[in-house]
Amino acid sequence: MILGVECTAHTFGVSLCNKKKILSNIKDMYRPERGGIIPAESAKHHENISQSIFEQALDKACIREQKIDAIAISNAPGLAPCLLAGMRFAKQKALKLGKPIIPVNHCIAHLEIGQHEGAKDPVLLYTSGANTQIIAFSEGKYRIFGETLDIGIGNFLDKFARFTGIPFPGGPEIERLAKNGKYIELPYVIKGMDVSFSGLYTKLTQLYNNKVLIEDLCFSIQETAFAILVEAAERALAHTGKKELVLGGGVACNSRLQEMCRIMCQERGAHFFCPPKEFLVDNAGMIAYTGELMFNKGIKMDPSKIDISPRERTDEVVVTWR
Ligand code: AMP
Ligand code: MG
């Protein structure tokens with residue numbers, strides 16, 4: 001029985017996973033009153049909510065805490081104050097129960113949860129607020145085949161939304177407005193498997209100031225930015241010879257992005273896996289699930305020997321559990 005804890009940014013979550021079954025997946029999200037995340041405030045949120053989320057996760061799974069064999073925690077990458085809050089909580093539980101800790105890389109967990117949907121060796125298109133990466137397993141590690149050269153896709157959407165007066169999170173409202181828009185050509189930047197959104201952002205602000213309809217801008221943002229992402233993912237599929245694509249991250253909730261991925265995969269005879277929303281956004285279920293894969297291969301640490309790793313890169317993790 002693995003207890004998973006997610007704490008890297010705005011979400012604090014706790015999950016229980018046993019034999020690849022996710023028995024509970026409870027979370028609560030810090031919401032800034034305005035603007036972006038303030039790390040210290042988000043950490044405070046995690047501290048205040050952790051015990052109650054823990055109890056809810058145990059109740060939902062009908063499990064007593066004595067049944068827990070190890071605690072998996074997202075110790076990397078993320079906002080240091082948030083990681084520290086989660087780590088303090090995990091250590092306190094681990095010491096109380098006398099159980100080891102399993103350090104889980106958050107980005108890798110987004111990929112591993114694809115197995116829960118049936119993927120075996122996929123390319124992950126990871127599209128969240130801060131992160132935009134294309135990740136796949138190659139020669140002992142999860143390698144980053146492509147990534148954003150400037151801002152993450154979600155931050156880009158939120159930033160443009162904020163510019164036009166749409167509050168955070170901007171992505172869902174852009175999706176809604178896009179339904180009544182038509183296509184305008186926008187800058188399309190892809191370099192190999194790397195992508196870039198800052199030129200697109202500048203162009204959009206100019207068009208908005210020139211009174212171009214917001215619906216048309218939203219429609220065209222989706223068509224352009226998502227086509228860039230899907231093209232990068234397709235290049236990674238072609239390059240690696242892999243036949244599976246998994247989506248992850250909050251922006252993956254967008255139905256147009258999902259549709260584009262599905263079409264691309266159909267056209268090249270690949271399988272497309274889109275986890276349910278609860279596993280697309282930040283969640284502890286994917287941490288517990290990945291933690292169990294690692295634990296079963298003997299990966300566990302003494303609570304006194306583990307630390308956070310705010311800047312750990314996906315390809316720094318030596319993968320011994322595959
Ligand atoms: P994450 O960083 O993974 O928690 O994801 C948060 C990001 O997902 C924010 O930038 C949101 O604007 C974005 N997002 C959530 N739902 C949608 C959607 N339906 N379409 C586009 N972006 C979305
Ligand atoms: Mg994430």
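Just follow the structure's listing: the first ligand is 1, and inside any ligand the first atom is 1.
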Gln222 heavy atom under 4.0 Å from ligand 1: no
If you measure from the Lys or Arg side-chain nitrogens to the Asp or Glu carboxylate oxygens, is any gap between [X] and [Y] under 4.0 Å?
{"X": "Asp121", "Y": "Arg322", "value": "yes"}
{"X": "Glu47", "Y": "Arg88", "value": "yes"}
{"X": "Lys182", "Y": "Asp216", "value": "yes"}
{"X": "Arg256", "Y": "Glu175", "value": "no"}

Relative to each other, are the rings of Phe197 and Phe156 parallel, tilted or perpendicular (30° and 60° limits)? parallel
For ligand 1, note which part of Leu280 has a heavy atom under 4.0 Å away: side chain, backbone, both or neither. neither
Taking non-hydrogen atoms only, is Asp158 closer than 4.0 angstrom to ligand 1 via side chain, backbone, both or neither? side chain
Is it true that, when you exclude [X] itself, more than 12 heavy atoms of the residues, nucleotides or ligands shown sit nearer than 6.0 Å to its [atom1]?
{"X": "Lys141", "atom1": "NZ", "value": "yes"}
{"X": "Lys44", "atom1": "NZ", "value": "no"}
{"X": "Gln206", "atom1": "CD", "value": "yes"}

Taking both backbone and side chain into account, is any N, O or S atom of His110 nearer than 2.8 Å to the Mg ion (ligand 2)? yes
Do any N/O/S atoms of Asn131 come under 2.8 Å of the Mg ion (ligand 2)? no
For ligand 1, which atoms have a heavy atom of [X] less than 4.0 angstrom away?
{"X": "Pro169", "answer": "11 (C), 12 (O)"}
{"X": "Gly170", "answer": "12 (O)"}
{"X": "Leu157", "answer": "21 (C), 22 (N)"}
{"X": "Gly154", "answer": "10 (O)"}
{"X": "Gly249", "answer": "3 (O)"}

Please state which protein non-hydrogen atom is closest to [atom] and give its distance, to 0.1 Å?
{"atom": "atom 22 (N) of ligand 1", "value": "Gly171 CA, 3.3 Å"}
{"atom": "atom 13 (C) of ligand 1", "value": "Val251 CG2, 3.8 Å"}
{"atom": "atom 4 (O) of ligand 1", "value": "His10 NE2, 2.9 Å"}
{"atom": "atom 19 (N) of ligand 1", "value": "Glu175 OE1, 2.7 Å"}
{"atom": "atom 7 (C) of ligand 1", "value": "Gly129 N, 4.0 Å"}
{"atom": "atom 15 (C) of ligand 1", "value": "Gly250 O, 3.4 Å"}
{"atom": "atom 20 (N) of ligand 1", "value": "Asn254 ND2, 3.0 Å"}

Do Phe12 and Phe89 have their ring centres less than 6.0 Å from each other? yes
Hey, would you say the Tyr30 and His46 ring centroids sit under 6.0 Å apart? no
Within-cut-off N or O pair, Thr127 and ligand 1, under 3.5 Å: no
Side chains of Glu147 and Tyr126: donor-acceptor distance under 3.5 Å anywhere? no
Pair Glu215-Asn180, side-chain donor/acceptor within less than 3.5 Å: no
For the Mg ion (ligand 2), give me the closest N/O/S atom belonging to Asp282, just the atom name. OD1
